[in-house]
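Just so you know, residue 1 is the first one in the sequence shown, and it goes up from there.
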Amino acid sequence: MTDAVKLLDVVALTVNLPEFNLRRGQVGTVVEILAEGRAFEIEFSDRTGRTYESLGLRAEQIMVLHFEPVSGDVAA
């Protein structure tokens, strides 16, 4: 299984970013791949689809969310 971040992936923050009023666990969408895949523009939207924040984040600040079962062994 690969967790390579792709365009339009749904991701969650793994860190708090108080300067942007964002907390670990908030969900966003990858809207641009930056720095040859080492950083990503993530858009955070409310339930109505209105963007409330958009910023560049490093891969270690986000995790890809999966909505379907994955096949193969997954390390615990």
Side-chain angles (χ1 to χ4, degrees):
M1 180 180 91
T2 178
D3 277 341
V5 181
K6 299 179 294 305
L7 193 62
L8 301 180
D9 272 350
V10 177
V11 298
L13 278 176
T14 60
V15 296
N16 291 322
L17 297 172
E19 63 273 26
F20 298 104
N21 293 320
L22 295 170
R23 297 188 343 198
R24 184 171 60 93
Q26 282 189 266
V27 176
T29 303
V30 177
V31 295
E32 190 169 347
I33 298 174
L34 308 168
E36 298 176 359
R38 294 185 310 275
F40 308 89
E41 184 77 16
I42 309 297
E43 186 174 276
F44 296 89
S45 302
D46 63 19
R47 292 176 191 228
T48 66
R50 189 183 66 117
T51 300
Y52 59 85
E53 190 64 69
S54 183
L55 64 147
L57 297 171
R58 297 182 313 276
E60 61 270 14
Q61 294 176 294
I62 59 175
M63 66 179 286
V64 176
L65 299 180
H66 302 279
F67 296 94
E68 300 291 330
V70 292
S71 61
D73 292 332
V74 177

Visitor: What I'd like to find out is whether the side chain of Glu41 reaches to under 4.5 Å of the side chain of Ser54, using heavy atoms alone.
Guide: yes
Visitor: Which heavy atom of Ala12 sits nearest a heavy atom of Gly25, and at what distance?
Guide: CB-O, 4.1 Å
Visitor: Treat each ILVMFWY residue as a node, draw an edge where side-chain heavy atoms are under 4.5 Å apart, and state whether Phe44 and Ile33 are in one component.
Guide: yes
Visitor: Side chains of Thr14 and Glu60 only: does a donor on one sit below 3.5 Å from an acceptor on the other?
Guide: no
Visitor: Please list all pairs meeting side-chain hydrogen bond (donor to acceptor under 3.5 Å, both in side chains) that have one or both residues in residues 15-34, counting only residues at least two apart or in different chains.
Guide: Gln26-Tyr52
Visitor: May I have the step-by-step check of side-chain contact (heavy atoms from CB on, under 4.5 Å) for Leu17 and Gln61, ending in yes or no?
Guide: CA-CA 10 Å; Leu17 297 172; Gln61 294 176 294; 4.0 Å; yes
Visitor: Of all heavy-atom pairs between Glu43 and Val31, which one has the smallest distance, and what is that distance?
Guide: CB-CG1, 3.8 Å
Visitor: Given Val5 and Phe40, is the side-chain contact (heavy atoms from CB on, under 4.5 Å) satisfied, shown in steps?
Guide: CA-CA 8 Å; Val5 181; Phe40 308 89; 3.6 Å; yes
Visitor: State yes or no: do Val15 and Leu22 share one hydrophobic cluster built from I, L, V, M, F, W and Y residues joined by side-chain heavy-atom distances below 4.5 Å, directly or via other members?
Guide: yes
Visitor: Start with the C-alpha gap between Asp46 and Thr51, add the side-chain angles, then the distance that decides, and say whether side-chain contact (heavy atoms from CB on, under 4.5 Å) holds.
Guide: CA-CA 6 Å; Asp46 63 19; Thr51 300; over 6 Å; no
Visitor: Going through the checks in order, is the side-chain contact (heavy atoms from CB on, under 4.5 Å) test met by Ile62 and Asp9?
Guide: CA-CA 11 Å; Ile62 59 175; Asp9 272 350; over 6 Å; no
Visitor: Should Leu57 and Leu13 count as side-chain neighbours, where that means a heavy-atom distance under 4.5 Å?
Guide: yes
Visitor: State, yes or no, whether a side-chain contact exists between Val30 and Val11 at a heavy-atom distance under 4.5 Å.
Guide: yes
Visitor: Which residues satisfy the salt bridge (Lys or Arg N to Asp or Glu O under 4.0 Å) test with Arg38, sequence neighbours excluded?
Guide: Glu36
Visitor: Are Leu7 and Leu65 linked, directly or through other ILVMFWY residues, by side chains that come within less than 4.5 angstrom of each other?
Guide: no
Visitor: Under 4.5 Å between side-chain heavy atoms, counting indirect links through other Ile/Leu/Val/Met/Phe/Trp/Tyr residues: same cluster for Val64 and Leu55 or not?
Guide: yes
